[in-house]
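All residue numbers refer to positions in the sequence shown, counting from 1. Remember, it's a predicted structure, so these values are computed and weren't measured experimentally.
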Amino acid sequence: MARLVNSIFFTFLYISLIYTLSPFVNATTSQFDIQVLVAIKTSIDPFSITADSFLSSWDFNLDPCETTGASFLGILCTVPDQVDTNATSRIMEIDLEGDGLEGFLTSSIGNLTELVTLNLGRNKFRGPVPESITNLRKLTSLQLYENFFSGSLVDDIGVLSKLENLDVSNNRLSGSIPSSITSLRSLTRLDLSNNEFTGKIPQLNGLWQLSSFDISNNQIYGNLPQFPLKIKTISLSHNLLSGHITPVHKLRHLNTLDLSDNRFSGGINKGIFRLTELSHVNVSVNRFTVFEVVEFSDKNSQLHTLDVHANRLHGHLPVNLVTYPNLTEINLGHNLFSGEIPSEYWSRLRFSWRSLNLEYNNLEGSVPRELNRTLEGVQGSFEHNCLICPKGLQLCHGQRTASECHGGDHD
């Protein structure tokens, strides 16, 4: 209680002092912009402003855009037109990332109409993202990640037509994704992950420059939208998405695909494996039943990591996995695969595969004895199958009992 009273007292004292001093500052910086900087600082709990934070260097006895050295750190300004003697400097960038600041983002932020970059990431801002943020029509980068912002994302965010980087991840934002977000034609990176967003993903194919999209760890449902053809990274894990994944088959530049922990069904089929630039695939913890791996003879395949564990995949293990020259980490565990492990797998384990998980399937047959000598450094597990394993092979420990495997009934 005493801390709260002290905080209120010092905040009031600080506001009074600032507004007493600022009119007498002979500033080349716009007075309107100075007032916004004052409002930003007075919206912060002064006890959270440490001596080494950028905000502690904001001294309003000085001109924000004329100071040098260690004053007004985290601020960049425009250079006024020297022909126009009445021109003033304007704030074009604010970067207070990682300062541990506690407080609210003032609605007067919308008065910084020359602002190009706003980075408040890794702080403790709370409350809503102000609607006035839509006044910042020159903004190219808005980074509010790792705070405690709540409420919905601004509905009219689509008016920020120059926005290239939007990161509001790791907050407490809720509601649906604003449909106006599809108007952000300059956007290259969109990160809405680790929030409480609901509803469906809007169609994104109009965002033709979008390279990275992350909405993992939310409560998004529905089918996959149409994606822009140039996209390279899609992260949609830990949501309630369903349906088939065919919309990704035409994304020729896709490098990373994470659809894990959703409700997708149908097949993981040939279209995925024909994407030559695809390096990391994680479609685990879904409801897929079919796994079709096309033989790949093109040496340019970049597939490195494949994780399909915890689905409902059945049939024999796909032999064609050995045709992917850069593949090193495979997880096929917790499915319904049956039959023997293909002999082609053993040579890959000796020379290139560094991780192979086959646990909790219905596999049978013998594991070669010589693997004991050649699998040093290989990680993974073959446990809870019906395999006959050489003594001492750690990967094979924990097979089902003979009674569990009897008759081939391995549910």
Side-chain angles (χ1 to χ4, degrees), residues 200-201 213-227 231 233-252 254-296 301-324 327-342 345 353 355-363 380-385 410-411:
K200 297 182 178 181
I201 305 173
F213 177 56
D214 190 346
I215 197 169
S216 55
N217 289 288
N218 279 282
Q219 300 170 32
I220 301 298
Y221 57 84
N223 298 333
L224 288 181
Q226 294 297 317
F227 294 101
I231 199 164
T233 300
I234 298 176
S235 301
L236 310 179
S237 63
H238 306 289
N239 279 288
L240 305 171
L241 294 160
S242 58
H244 297 265
I245 60 172
T246 49
V248 304
H249 292 175
K250 58 186 178 182
L251 305 177
R252 300 298 178 187
L254 195 62
N255 173 269
T256 300
L257 178 66
D258 188 351
L259 305 179
S260 60
D261 193 13
N262 278 284
R263 299 175 179 179
F264 292 111
S265 58
I268 308 165
N269 51 32
K270 300 174 183 178
I272 291 286
F273 293 97
R274 290 195 174 113
L275 301 176
T276 57
E277 296 185 24
L278 195 57
S279 174
H280 294 77
V281 177
N282 188 348
V283 291
S284 62
V285 197
N286 277 286
R287 300 173 181 179
F288 294 111
T289 55
V290 177
F291 191 37
E292 299 176 344
V293 182
V294 65
E295 182 178 358
F296 206 93
S301 169
Q302 298 301 311
L303 189 61
H304 175 275
T305 303
L306 176 65
D307 189 346
V308 300
H309 85 271
N311 279 285
R312 302 169 182 176
L313 304 174
H314 57 270
H316 290 181
L317 294 174
V319 178
N320 285 334
L321 283 179
V322 302
T323 66
Y324 291 77
L327 189 60
T328 60
E329 298 179 17
I330 306 102
N331 191 342
L332 310 176
H334 293 265
N335 279 291
L336 302 172
F337 288 116
S338 58
E340 298 187 0
I341 300 174
Y345 281 23
W353 288 359
S355 176
L356 178 62
N357 283 279
L358 302 175
E359 73 273 18
Y360 285 83
N361 278 289
N362 300 324
L363 302 172
S381 173
F382 302 165
E383 70 173 315
H384 212 76
N385 283 286
H410 309 314
D411 294 337

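Between atom OG of residue Ser338 and atom CG of residue Leu313 there is a gap of 11.5 Å, rounded to the nearest 0.5 Å. The distance from atom CZ of Phe382 to atom CG of Leu363, rounded to the nearest 0.5 Å, is 9.5 Å. His334 NE2 to Glu359 CD: the interatomic distance, rounded to the nearest 0.5 Å, is 4.5 Å. The CG atom of Asn282 sits 9.5 Å away from atom OG1 of Thr305, with the distance rounded to the nearest 0.5 Å. Rounding to the nearest 0.5 Å gives a distance of 14.5 Å between CG of Leu275 and NZ of Lys270. The distance from atom CG of Leu358 to atom CD of Glu383, rounded to the nearest 0.5 Å, is 11.0 Å.
Just one residue in the list His249, His244, Glu292, Arg274 forms a side-chain hydrogen bond (donor to acceptor under 3.5 Å, both in side chains) with Asn269, and that residue is His249.
Of the possible donor and acceptor atoms, one in the side chain of Asn311 sits under 3.5 Å from a partner among the backbone N and O of Val283. Remark: side-chain polar atoms of Asp258 are not paired, donor with acceptor, to backbone N or O of Asp214 under 3.5 angstrom. Formation of a donor-acceptor pair under 3.5 Å by the Asn239 side chain with backbone atoms of Asn218 is found in this model. Side-chain N or O atoms of Asn286 include one that pairs as donor or acceptor with a backbone N or O of Asn262 at under 3.5 Å. With Asp261 contributing its side chain and Ser237 its backbone, the two residues share no donor-acceptor pair below 3.5 Å. Looking at Asn255, its side chain never comes within 3.5 Å of a backbone N or O of Thr233 through a donor-acceptor pair.
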Worked check of side chain to side chain contact (heavy atoms under 4.5 Å, CB included) between Glu277 and Leu254
CA-CA 6 Å; Glu277 296 185 24; Leu254 195 62; over 6 Å; no
Is there a side chain to side chain contact (heavy atoms under 4.5 Å, CB included) between Leu240 and Arg263 once you walk through the steps?
CA-CA 6 Å; Leu240 305 171; Arg263 299 175 179 179; 3.6 Å; yes
Test side chain to side chain contact (heavy atoms under 4.5 Å, CB included) on Asn335 and Phe291 and set out the steps.
CA-CA 11 Å; Asn335 279 291; Phe291 191 37; over 6 Å; no
Assess whether side chain to side chain contact (heavy atoms under 4.5 Å, CB included) is satisfied between Phe213 and Leu236, documenting all intermediate values.
CA-CA 8 Å; Phe213 177 56; Leu236 310 179; 3.6 Å; yes
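For the residue pair Leu332 and Leu317, the shortest heavy atom distance occurs at CD1-CD2, 3.7 Å. Between Phe296 and Ser301, the closest heavy-atom pair is CE2-CB, 3.2 Å. Across Pro225 and Pro247, no two heavy atoms sit closer than the pair O-CB, 3.7 Å. Between Val319 and Tyr345 the shortest heavy-atom distance is CA-CE1, 4.4 Å. For Val294 against Thr323, the heavy-atom pair with the smallest separation is O-OG1, 4.3 Å. Scanning all heavy atoms of the two residues, the minimum distance from Phe337 to Pro318 falls at CE2-CD, 4.4 Å.
No side-chain heavy atom of Leu303 sits less than 4.5 Å from a side-chain heavy atom of Ser279. Between Leu278 and Phe273 there is no side-chain heavy-atom pair separated by less than 4.5 Å. No side-chain heavy atom of Ile341 sits under 4.5 Å from any side-chain heavy atom of Asn385. Within the 4.5 Å cutoff, side-chain heavy atoms of Ile272 are placed close to those of Leu257. Val293 is listed as a side-chain neighbour of Tyr324, based on a closest heavy-atom distance under 4.5 Å. For the pair Ile220 and Lys200, the minimum side-chain heavy-atom distance is 4.5 Å or more. Using a 4.5 Å heavy-atom threshold, the side chains of Phe227 and Ile201 count as separate. Residues Val281 and Ile268 fail the side-chain proximity criterion, which asks for heavy atoms closer than 4.5 Å.
Every residue meeting the ring-ring contact (aromatic ring centres under 6.0 Å, His included) condition with His304, not counting sequence neighbours, appears here in chain and number order: His280. Residues satisfying the side-chain contact (heavy atoms from CB on, under 4.5 Å) criterion with Asn331, sequence neighbours excluded, are Asp307, His309, Asn357.
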